[in-house]
Amino acid sequence: MTGAASGIGLGIATALAQAGAKVMLCDIEEDALAKAVKQLRLTNVDVDSVKADVSLKAELQAAAEATTARYGKVHILVNNAGVGGGGWTDASWTWTLGVNLMATVWGIEIFWRLIDQHGEGGHIVSTASIAGLVAGGNHAYEVSKYGVVALSESLRPELATRGIGVSVLCPGFVRTEIMTSGRNLPKRFEREKTFREVPTSGPIAERINWVRERVAGGVDPLYVGELVREGIENDWPYIFTELEFEPLVDKRFAAIKQGFDRIRGRTPKR
Ligand SMILES: NC(=O)c1ccc[n+]([C@@H]2O[C@H](COP(=O)([O-])OP(=O)(O)OC[C@H]3O[C@@H](n4cnc5c(N)ncnc54)[C@H](O)[C@@H]3O)[C@@H](O)[C@H]2O)c1
């Protein structure tokens, strides 16, 4: 379970640990990991942790090896680590797509075989966002989350034939540390000034402040964790956390349908 030391990840880890699962928490933040393990062991001694920057494939691979060394079989993978992203620079795109999307690609690539090889079935959950279904101005973040939705949808029928369920979690606002994602910006990107230059006034600053307030007033991460547990148990393709954004998804689908309507009745030239 990646990004397990904080926020939604810790909520999911808690819900799964309380349901009796053995949980290997993976995160880039060592201190937060140690604190999370200590807290979870109060109700389930079978939790452990491994540090990894999941945007580096070798570290994710090493985390998988540590997991099988510790617990033997893997049945559930939760690709949850994520960052809010920065501005429009190569480093920002690389960081955001690396953590949010490529770590999910590699997580599935590395872990599906581990789940498949014991033949007992299992489940893969990847955390996207409502921003994986509706775009609104945080470009790299939204591209990464649309990618997570697409990957989950395309793998679901394929892995169903192997007894592996695939769910995508699309939360609305959740009360987490997402607005300080920059705390985990890897050193290799630190020289890129865009991460430090968050505007303090103007429309971007207003939007960031609005998001910050919505996150602060968002739903409880443990509630999300319990929904995820239910989603795994019942093999839900999509796991949502609230109805607020349903009209925006409807609006997008209506705009897509309108695109088809515009060409209805025409005979395509071949
Ligand atoms: N909070 C929200 O409102 C919200 C809404 C929709 C989707 N999400 C998604 O939920 C997921 C979890 O975020 P959160 O809101 O709980 O934020 P958070 O910052 O509280 O938790 C994210 C966790 O990921 C870890 N992480 C970051 N970079 C990492 C890396 N390179 N390698 C390993 N671990 C790394 C962090 O240390 C942290 O523990 C993310 O994918 C995020 O995009 C959050």
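Ligands are counted one by one from 1 in listed order, and the atoms in each one are counted from 1 as well.
Of the N or O atoms in Asn80, one or more lie within a sub-3.5 Å distance of an N or O in ligand 1. Distances between N or O atoms of Ile8 and those of ligand 1 include at least one value under 3.5 Å. Residue Gly9 has no N or O atom closer than 3.5 Å to an N or O atom of ligand 1.
Ligand 1 places these atoms under 4.0 Å from at least one heavy atom of Ala81: 24 (O), 34 (N), 35 (C), 41 (O). Within ligand 1, the atoms closer than 4.0 Å to a non-hydrogen atom of Glu29 are 37 (O), numbered from 1 in the order shown. Near Asp53, with a cut-off below 4.0 Å to any heavy atom, the atoms of ligand 1 are 30 (C), 31 (N), 32 (N).
Shown here is Leu248, whose CG atom has more than 12 heavy atoms of other residues, nucleotides or ligands within 6.0 Å.
Of the protein's non-hydrogen atoms, the one nearest atom 39 (O) of ligand 1 is Asp27 OD2, 2.6 Å. Scanning the protein for heavy atoms near atom 21 (O) of ligand 1, the closest one is Ser6 OG, 3.7 Å. With hydrogens left out, the protein atom closest to atom 35 (C) of ligand 1 is Ile28 CG2, 3.6 Å, a heavy atom. Looking only at heavy atoms of the protein, atom 22 (C) of ligand 1 is closest to Gly82 O, 3.9 Å.
Of the candidates Gly85, Gly172, Ser129, it is Gly172 that places a heavy atom closest to atom 5 (C) of ligand 1. With atom 33 (C) of ligand 1 as the reference point, the heavy atom nearest to it among Gly3, Ala52, Pro186, Ala36 is part of Ala52.
Classification of Lys257 and Asp250 as a salt-bridged pair fails, no side-chain N sitting under 4.0 Å from a carboxylate O. A salt bridge between Asp261 and Arg264 is present, with a side-chain N of the basic residue lying under 4.0 Å from a carboxylate O of the acidic one. A salt bridge does not link Glu177 to Arg183: none of the charged side-chain nitrogens sits closer than 4.0 Å to a carboxylate oxygen.
Residues Arg188 and Ser55 bring a donor and an acceptor atom of their side chains to less than 3.5 Å of each other.
A heavy-atom separation below 4.0 Å is found between Ala128 and ligand 1.
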